[in-house]
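This is a predicted model, so every value here is computed, not measured. Below, chain A is the first sequence line, B the second, and so on; all start at residue 1.
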Amino acid sequence: KPLILQALGSGEFDYIESASEVFETEFFRFIKAKAILNKLAETYPSPRKKEEVPLWFYVASNLSMRLHGVHSFNAFPLVVRSGGLLNVLGPKEAQKVTHPDTGDVTIACEGFNQKNHYDREAPCDQDFLRKLAKDTEPDALMRWFSTDVAEVFKSQRAFDKEGIFIGDASYLFVPDNPNYEGSVKLLFDDNDHPVSEEAHKKMTDEQKTRCQWRRCYKMVSLLHTNRTMDFFFFVALKVLPGNAHESPVLYEQVRQFVETVGK
DNA sequence: CTACCGTTATACTTGACTGG
DNA sequence: CCAGTCAAGTATAACGGTAG
């Protein structure tokens with residue numbers, strides 16, 4: 001702890017942070033200028049009948065959290081504070097304010113409505129993100145990603161000429177919480193491979209102790225890359241119960257991808 | 001020194017409530 | 001119906017002490 005505080009004091013932290021902020025700002029400028037963000041927001045399967053906080057802000061916030069490697073909504077205010085996300089908003093809507101006496105930097109945001117009781121540190125409450133995410137239909141979301149988002153990639157000519165695609169299925173482990181709808185508990189060995197009942201019977205006691213019941217999903221995806229593998233990105237994605245079979249899903253993904261993007 | 005264990009603090013979830 | 005607020009429940013990390 002003292003070491004980190006010392007590093008903070010000497011400004012090493014600022015360098016890292018501002019560098020990523022610059023990158024993030026560029027990123028959002030780009031997708032905004034190219035109307036990518038609008039396109040994503042227009043096609044997103046919103047569960048809302050009325051829109052107060054705009055959808056593009058929801059999409060942008062999610063992207064920002066992914067860029068920061070954060071997955072918990074309650075960390076959103078932190079992401080806002082340190083990130084380039086605010087730069088998609090004008091200086092009127094959001095600004096950094098340095099307290100004249102203490103030197104503390106806080107964020108003052110306009111917000112999209114007048115429902116707040118407290119001063120806004122972020123353009124919207126983190127619970128707005130949480131609830132919109134929770135209310136989104138999972139199937140519609142996955143369809144959206146595999147069609148509308150794939151079209152955006154196409155419009156940006158993101159696909160390599162050679163057209164190398166990889167079909168993949170992997171296990172997505174989650175905490176053992178029944179709220180993870182549609183997840184199943186399977187027995188895994190210490191290499192993260194599922195163990196069938198017959199295989200488990202044949203095991204020695206020593207092997208058996210290394211097995212663990214774990215709650216999981218199966219994630220079936222279609223990845224795009226080039227020959228030198230400079231990049232990977234998802235063009236289709238579906239999350240299924242962990243014991244589902246991937247083949248039919250993958251074939252459907254390929255079919256749908258060819259249908260929306262073309263050959 | 002380190003492996004272990006119980007305690008405490010903090011981070012994260014969750015659902016319910018409120019006022020517009 | 002919507003987003004902001006609250007309070008209570010869990011999970012996880014940090015801490016401190018102790019035995020080997």
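A/Arg48 comes within 4.0 angstrom of the backbone, heavy atoms only, and of no base.
Residues A/Phe57 and A/Leu89 form a side-chain contact, since some pair of their non-hydrogen atoms from C-beta on lies under 4.5 Å apart.
Applying the side-chain hydrogen bond (donor to acceptor under 3.5 Å, both in side chains) test to residues at least two apart or on different chains, the pairs with a partner in residues 155-164 of chain A are A/Glu162-A/Arg227.
Judged as a side-chain contact (heavy atoms from CB on, under 4.5 Å), and not counting sequence neighbours, the contacts of A/Leu250 are A/Val220, A/Leu222, A/Gln253. Listed by chain and residue number, A/Phe188 satisfy the ring pair (Phe, Tyr, Trp, His ring centres under 6.0 Å) test with A/Tyr171 (two or more places apart in sequence, or in another chain). With sequence neighbours excluded, no residue forms a ring pair (Phe, Tyr, Trp, His ring centres under 6.0 Å) with A/Phe232.
Ion pairing between a basic and an acidic side chain is recognised when a charged N comes within 4.0 Å of a carboxylate O; A/Asp176 and A/Arg214 show no such pairing. The pair A/Lys238-A/Asp139 meets the salt-bridge criterion, with a side-chain N (NZ, NE, NH1 or NH2) lying under 4.0 Å from an Asp/Glu carboxylate O.
Computed from coordinates, the A/Phe57 CZ to C/dA3 C1' distance equals 13 Å when rounded to whole Å.
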For nucleotides 9-11 of chain B, print each protein N/O atom paired with a nucleotide N/O atom at under 3.5 Å, atom names and distance only.
none

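Ring planes of A/Phe231 and A/His224: tilted class, angle from 30 to 60°.
A heavy atom closer than 4.0 Å to some atom of DNA chain B occurs in A/Lys115, these being the qualifying members of residues 115-128 of chain A.
OP1 or OP2 of C/dC1 has at least one side-chain nitrogen or oxygen of A/Lys49 nearer than 4.0 Å.
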